[in-house]
Amino acid sequence: MAMTQKICLILMPFDKRKDASGRVIDFQAVYERLVVPAVEAAGLYPVRGGQGRTGGIEEHLLERLTLCDHALVDLTAADPAVFYQLGVRHALKRRSTLLIYALERGQVPLDVQRLEAVPYRLSPQGQPEYEAKYRTLITDRLKNQEQTDESPLFPLMERIPKRGGESLARLCEQVRQEAALWDRLERARQEGGEAVRGVAQQIGNTVQAEPGLVLELFFAYRQVRWWSEMVELVKRMPPELADSILVQEQLSLALNRMGSGVEAEQTMRDLISRRGQSSVSYGKLGRILKYQWEKTLEQGNRQQAKELLEKAATAYLKGFEADWRDTYAGVNAVTLMELKQPADPRRREILPVVHYAVEQSIRSGAADYWDFATLLELAVLSCDEAKGIDALGRSLARVREAWEPQTTAKKLKLIRDARLGRGAECPSWADAAMEKLLEAAARWGGNG
């Protein structure tokens, strides 16, 4: 290394890691075949951060985060240590921090488009693909880092010391005002839509308001089922908040409830394309498509309903494949596969995996109604009477609102009707379970 050569600190996971769907990523291959050649081609000397692989925040690493001219950060796998190091770097350096990530390997928590991150591709075996193309992209960005790649945090860190006590006094007053609005909003949620709208008027300019308060208003509209107000509020949010994964997911559900199913579906597909795959996003997409399927079926359009059922099942299956712990995506996938005519044979392979995931969730000690209701649904799908009767009793003991057993009874009826429609046998105990669920819903409805 020449004395005048600038250093590029490389922050990324070591060795091989699995992504959210269980696929392996060979980070050592990415480092050796993609990152190092790109850094060297930019005339920089590559130094890997955290050579000890401890994941800790050692003094020497903090020193390198402070002093190194350039840094390259791989966001793939959402490694907590890497994200912490990125935060430190953004606070210390205005420019010269380049972000990279692997396409279609899980959802990246940060908005990679806003931060102008450079993507790269991996093979199914987790090895870098099209290396020359992506090395060139990384090299070009490294060469121009001193004019681009500005930290979103550094300018604020630079301003705060100059404003001192004045900023603190202003902050304290702002926090007091926001706390009062939070309290009013909490009461308004219980009073209804007009009360929520009244608090929205008090909040005023939502672009400049505290993002947490704006988000709370967004969810207050959801609670009172004012879908159009949710959609309109997104247009008046700060851009960073409006583009966040959470807001875009909820926006798609609000659009769906308004009857804008095509726009709702496209919103979710755009989000997955921009921010990566996740079980939650695919689960939301499946929910949107399932809702459209139900409405289309009610209208008697069987051909379109068949297509929507196929798309919904596929979305839920992708969600379950993205994270096999996501029992919501898993049980919906196998149930919709059962509803196809003819039934999808893959459901038999997936069903025991979903069952195991639910059992693991229950063993964690935080089981609720839906865990046991899911076991009941799986027992009906597998025609296991003993497990079904047991799960029914445990579900009924955990009912909190009438809509919970109503939803489960509706799903069991769909399974029964689909089986009867193709001349398959449907266990009689499942009919009895539906009756008990509806009785429970009536009791809770009477209490509510």
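Glu265 has a carboxylate O that lies under 4.0 Å from a charged side-chain N of Arg269, or vice versa, which qualifies the two as a salt bridge. Ion pairing of Lys436 with Glu439 is absent here, as no side-chain N (NZ or NE/NH1/NH2) approaches a carboxylate O to less than 4.0 Å. A salt bridge is defined here as a Lys NZ or Arg NE, NH1 or NH2 lying under 4.0 Å from an Asp or Glu carboxylate O, and Glu404 with Arg400 meets this definition. A salt bridge links Glu194 to Arg197: at least one charged side-chain nitrogen sits closer than 4.0 Å to a carboxylate oxygen.
Atom NZ of Lys411 is surrounded by more than 12 heavy atoms from other residues, nucleotides or ligands within 6.0 Å. In the displayed structure, Arg398 atom CZ is contacted under 6.0 Å by more than 12 heavy atoms of other residues, nucleotides or ligands. Around CZ of Phe219, the count of heavy atoms belonging to other residues, nucleotides or ligands within 6.0 Å exceeds 12.
Side-chain atoms of Tyr120 and Asp74 include a donor-acceptor pair closer than 3.5 Å. With hydrogens and angles left out, the side-chain atoms of Glu377 and Thr408 include no donor and acceptor closer than 3.5 Å. With no hydrogens or angles considered, a side-chain donor-acceptor pair links Gln250 and Arg222 at under 3.5 Å.
For the pair Thr139 and Val39, the minimum side-chain heavy-atom distance is 4.5 Å or more. In this structure the side chain of Leu253 never reaches within 4.5 angstrom of the side chain of Arg257, judged on heavy atoms. At least one side-chain heavy atom of Ser281 sits less than 4.5 Å from a side-chain heavy atom of Met268. You'll find the side chain of Val247 reaches within 4.5 Å of the side chain of Met237, heavy atoms only. A heavy-atom distance below 4.5 Å is found between the side chains of Leu375 and His355. Side-chain contact between Leu67 and Leu9: absent, with no pair of heavy atoms (C-beta onward) separated by less than 4.5 Å. In this structure, Val35 and Ile100 have side chains that are in contact, with non-hydrogen atoms separated by less than 4.5 Å. Using a 4.5 Å heavy-atom cutoff, the side chains of Tyr356 and Val353 are not in contact.
In terms of heavy-atom proximity, Val47 sits nearest to Ile7 at CG2-CG2, 3.7 Å. Nearest heavy atom pair, residue Val354 against residue Val331, reads CG1-N, 3.7 Å. Among all heavy-atom pairs drawn from Leu181 and Val199, the shortest one is O-CG1, 4.1 Å. Taking each heavy atom of Cys68 and Arg89 in turn, the nearest pair found is O-NH1, 2.9 Å. Nearest heavy-atom pair, Ser278 versus Ala322, reported as atom, atom and distance to 0.1 Å: C-CB, 4.0 Å. Of all non-hydrogen atoms in Ala329 and Gly319, the two that sit nearest each other are CB-C, 3.9 Å.
Contacts of Val36 classified as side-chain contact (heavy atoms from CB on, under 4.5 Å), with partners at least two apart in sequence or in another chain: Tyr31, Glu40, Pro46. Considering only residues two or more places apart in sequence or on other chains, Asp417 meets the side-chain hydrogen bond (donor to acceptor under 3.5 Å, both in side chains) condition with Lys413. Applying the ring-ring contact (aromatic ring centres under 6.0 Å, His included) rule to Phe372 yields no partners; only residues at least two apart in sequence or on another chain are considered. Residues satisfying the salt bridge (charged side-chain N to carboxylate O under 4.0 Å, His left out) criterion with Glu178, sequence neighbours excluded, are absent altogether. Checked against side-chain hydrogen bond (donor to acceptor under 3.5 Å, both in side chains), Lys93 has no partners two or more places apart in sequence or in another chain. Listed by chain and residue number, Leu241 satisfy the side-chain contact (heavy atoms from CB on, under 4.5 Å) test with Pro211 (two or more places apart in sequence, or in another chain). Residues that satisfy the salt bridge (charged side-chain N to carboxylate O under 4.0 Å, His left out) test with Asp344, not counting sequence neighbours, are Lys340, Arg346. Listed by chain and residue number, Leu255, Ser260, Thr267 satisfy the side-chain contact (heavy atoms from CB on, under 4.5 Å) test with Glu263 (two or more places apart in sequence, or in another chain). With sequence neighbours left out, the side-chain contact (heavy atoms from CB on, under 4.5 Å) criterion links Arg17 to Pro13, Phe27, Asp79. Listed by chain and number, the residues in a ring-ring contact (aromatic ring centres under 6.0 Å, His included) with Trp370 are Trp403 (sequence neighbours excluded).
A distance of 5.5 Å separates CG in Leu396 from CG in Leu437, rounded to the nearest 0.5 Å. Rounded to the nearest 0.5 Å, atoms CG (Leu217) and CD (Gln202) are 11.0 Å apart. Between atom CG of residue Leu381 and atom CE of residue Met337 there is a gap of 11.5 Å, rounded to the nearest 0.5 Å. Atoms CH2 and CE, on Trp227 and Met258 in that order, are 11.0 Å from each other to the nearest 0.5 Å. Of the inter-residue distances, the one linking Cys8 atom SG with Leu44 atom CG reads 5.5 Å to the nearest 0.5 angstrom. To the nearest 0.5 Å, atoms CD1 (Ile10) and CZ (Arg48) are separated by 7.5 Å.
A side-chain contact (heavy atoms from CB on, under 4.5 Å) with Leu99 is found for one member of Leu75, Val118, Leu72, Leu11 and no other, namely Leu75.
Within the 3.5 Å criterion, the main-chain N or O of Glu249 finds a donor-acceptor partner in the side chain of Ser252. Panel note: side chain Asp371, backbone Asp368; a donor-acceptor pair is recorded below 3.5 Å. With Thr76 contributing its side chain and Ala102 its backbone, the two residues share a donor-acceptor pair below 3.5 Å.
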Worksheet item: Yes or no on ring pair (Phe, Tyr, Trp, His ring centres under 6.0 Å) for Tyr282 and Phe320, after CA distance, side-chain angles and deciding distance?
Response: CA-CA 8 Å; Tyr282 270 121; Phe320 189 55; over 10 Å; no

Practice prompt. Check the pair Lys306 / Glu310 against side chain to side chain contact (heavy atoms under 4.5 Å, CB included), numbers first and verdict last.
Written response: CA-CA 6 Å; Lys306 181 179 179 181; Glu310 177 67 38; over 6 Å; no

Fill in: Derivation of the side chain to side chain contact (heavy atoms under 4.5 Å, CB included) call for Leu246 and Leu215
CA-CA 9 Å; Leu246 177 61; Leu215 191 60; 3.8 Å; yes

Item to complete: In sequence, state the C-alpha distance, the side-chain angles, and the governing distance for Leu412 and Leu376, and then conclude on side chain to side chain contact (heavy atoms under 4.5 Å, CB included).
Response: CA-CA 9 Å; Leu412 298 190; Leu376 171 58; 4.2 Å; yes

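Note on residues 203-216: pairs passing salt bridge (charged side-chain N to carboxylate O under 4.0 Å, His left out), not counting sequence neighbours, are Arg189-Glu216.
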Contacts under 3.5 angstrom, residues 289-299 side chains, donor-acceptor by atom type, not counting sequence neighbours:
| residue | atom | partner | partner atom | Å |
| --- | --- | --- | --- | --- |
| Lys290 | NZ | Asn332 | OD1 | 3.3 |
| Gln292 | NE2 | Gly261 | O | 3.0 |
| Thr296 | OG1 | Gln292 | O | 2.7 |

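No cation-pi contact links Arg135 to Tyr130, judged by a cut-off of 6.0 Å to the six-membered ring centre and 45° from its axis.
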